[in-house]
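Note on naming: letters A, B, ... go to the chains in the order of the sequence lines (proteins, then strands), and numbering restarts at 1 for each one.
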Protein chains: 2
Amino acid sequence: MEASEAGRGTGGSGTAGQVWLRTPARAGRAAPPLTRERIVEEAVALLDAEGADRLTMRRLAERLGTGSTTLYWHVKTKDDVLDLALDAIFAEVEIPPEGGQGWRAGITALINGWRAVLLRHPWSAALLSRPMLGPNVLARSEFLYATLLEAGVTGPGLTAAAYGLSNYVIGSGLMQATWPTGAEREVRRAAREYLHANRERYPVLAAHGPLVADDDWETGFALGLTWILDGIEAGIARADERGPMSAGR
Amino acid sequence: MEASEAGRGTGGSGTAGQVWLRTPARAGRAAPPLTRERIVEEAVALLDAEGADRLTMRRLAERLGTGSTTLYWHVKTKDDVLDLALDAIFAEVEIPPEGGQGWRAGITALINGWRAVLLRHPWSAALLSRPMLGPNVLARSEFLYATLLEAGVTGPGLTAAAYGLSNYVIGSGLMQATWPTGAEREVRRAAREYLHANRERYPVLAAHGPLVADDDWETGFALGLTWILDGIEAGIARADERGPMSAGR
DNA sequence: CGGTTACCGGATCAACGATCCAGTACTCGA
DNA sequence: TCGAGTACTGGATCGTTGATCCGGTAACCG
């Protein structure tokens, strides 16, 4: 609030010849000047705190101590804010060092970090349905492709491997972030009761239901990941025995 | 338009004693009476035709020849419409017959059908971030769990297998449905050009880029699916050799 | 000092989801 | 046959949203 007050100045400038009464120089402002980075940063904070549907340009502007209109100088649409916020959180995914302990370790680390980010910012799950072309996403995709390529994955298997891994993380993150936790835990309980009540129609689900504990997510995800990695590895082995050093046909 | 006209009746009912001038019996209406099913059906059609963000209660009501208010008698919120529409399209996924050609064939058929639906209704990708508890979704999950269970997948592997498969389909569908096709193909081309322009930062992506042709999606998806199925099968084999017929510890 | 650029925000617009409330048609029991 | 109850409809309206118009102000450059 004081930021907004300080930025507004003393208004009519009629009797305001006194420097002391006027707005201090821009550098002296309480809040740093508005930049695209600051907007995105605050948008992520707001999304983390209140979720995707509570993000409006007005509320975001209020948190930044400016008017909502101002945001549109730095950003074209609200969708831009969402795209930027989505890419911004991918910066948290650490890219493993180049010469690591083998390609499986590197890829596993990347995928796990990716997944951790998706779960740390659950709102991102709902945003994954837009093309991700930001620099942070691309950098991590680049690492993924490079690591696979160096491991010996080539041709159509490369795309399949990269997409398989990506799709698996995204699906998992989406599924788990979707699932009500915390305060909405009653929804979860209600779902379990519903399944139990209709256990004649869904006998297996009611018995071995998908409403797993939090730990099961971890182990299940890790298990599925090893399956995919095993499949990729088997593909490399087959390619190698067909022709270990011979390129092409 | 005529449906709306016919449904409105002759108004004041003062001079309208004549049966011929009055509204024909409800059964004689041009449009069938409004039901939840009809609303959902039309919502799916609207979503298919114009996408998720073009679906509003007003437009939906207009297509149904009623006022927007009326919809709220059959449905509590707009989110209800989306949830119902999402479950409705899952009815298109054919559930393979019980005694099929082995569990792999059955699961493959289900997963492929699932994927086809996601691609046929691209708007559904953006909606997957809400809990899916509708009857159609549950019935297909039931089949998945039952088939896996019958194949010999037990314990934590069951949840892992079911979620692994689901997450993989969802991620794939999301990714592919997201990717601009058809009219937005220029976006795709622009992305490729962008990658090429920044090929120093993303050398591998620019060369073996993820901007695949349509066919590659299919083969890549099938390849990844076999990997997961292989992993599940290997798990079954390991469990069998530990104790082919011994239950429990 | 005049003008150009970068940045800010009050007022405003059209569209949205949702609700209020006044209706209208049909049903069922007496 | 009537009259009360119920199922359903929709015009008007409310608060909120994303976005734009347009008039400002501060810094900088020649």
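- Atom C1' of nucleotide D:dT17 and atom CG of B:Asp53 are separated by 15 Å, given to the nearest angstrom.
- Under the salt bridge (charged side-chain N to carboxylate O under 4.0 Å, His left out) criterion, B:Arg54 pairs with B:Glu50, sequence neighbours left out.
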Side chains of residues 131-138 of chain A: which donor-acceptor pairs under 3.5 Å do they make with residues two or more places apart or in other chains?
unit_1	atom_1	unit_2	atom_2	d
A:Asn136	ND2	A:Asp87	O	3.1
A:Asn136	ND2	A:Asp87	OD2	3.2

Just the table, please: protein N/O against nucleotides 20-23 of chain D N/O, every pair under 3.5 Å.
none

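- The distance between atom CD of A:Glu62 and atom P of C:dG9, rounded to the nearest whole Å, is 13 Å.
- Following rounding to the nearest Å, A:Leu60 (CG) and D:dT16 (P) show an atom-to-atom distance of 18 Å.
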Solution key, residues 122-129 of chain B side-chain donor-acceptor pairs under 3.5 Å, sequence neighbours excluded:
unit_1	atom_1	unit_2	atom_2	d
B:Trp123	NE1	B:Asp48	OD1	2.6
B:Ser124	OG	B:His121	O	2.7

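- Mapping B:Met57 and A:His74 onto DNA chain C by nearest heavy atom places A:His74 closer to the 5' end of the strand.
- Residue B:Trp73 has no polar side-chain atom (N or O) positioned under 4.0 Å from OP1 or OP2 of D:dT9.
- For the pair A:Arg115/A:Leu119, a side-chain contact is recorded, criterion being any heavy-atom separation below 4.5 Å from C-beta on.
- DNA chain C lies under 4.0 Å from no heavy atom of any residue of residues 78-86 of chain A.
- With a 4.5 Å cut-off on side-chain heavy atoms, A:Leu165 and A:Leu225 count as touching.
- Taking the six-membered ring where the residue is Trp, the centroids of A:Tyr168 and A:Phe221 are separated by under 6.0 Å.
- Checked for salt-bridge contact, B:Glu193 and B:Arg189 meet the test: a charged N lies under 4.0 Å from a carboxylate O.
- Each of A:Thr56 and B:Thr70 was matched to the nucleotide of DNA chain D holding its nearest heavy atom; the match closer to the 5' end belongs to B:Thr70.
- D:dG11 atom P lies 12 Å from atom CZ of B:Arg58, rounded to whole Å.
- Looking at residues two or more places apart in sequence or on another chain, you find a ring pair (Phe, Tyr, Trp, His ring centres under 6.0 Å) between A:Phe90 and A:Trp114.
- The closest side-chain heavy-atom distance from B:Pro203 to A:Glu142 is below 4.5 Å.
- No contact: B:Leu71 has no heavy atom under 4.0 Å from any strand.
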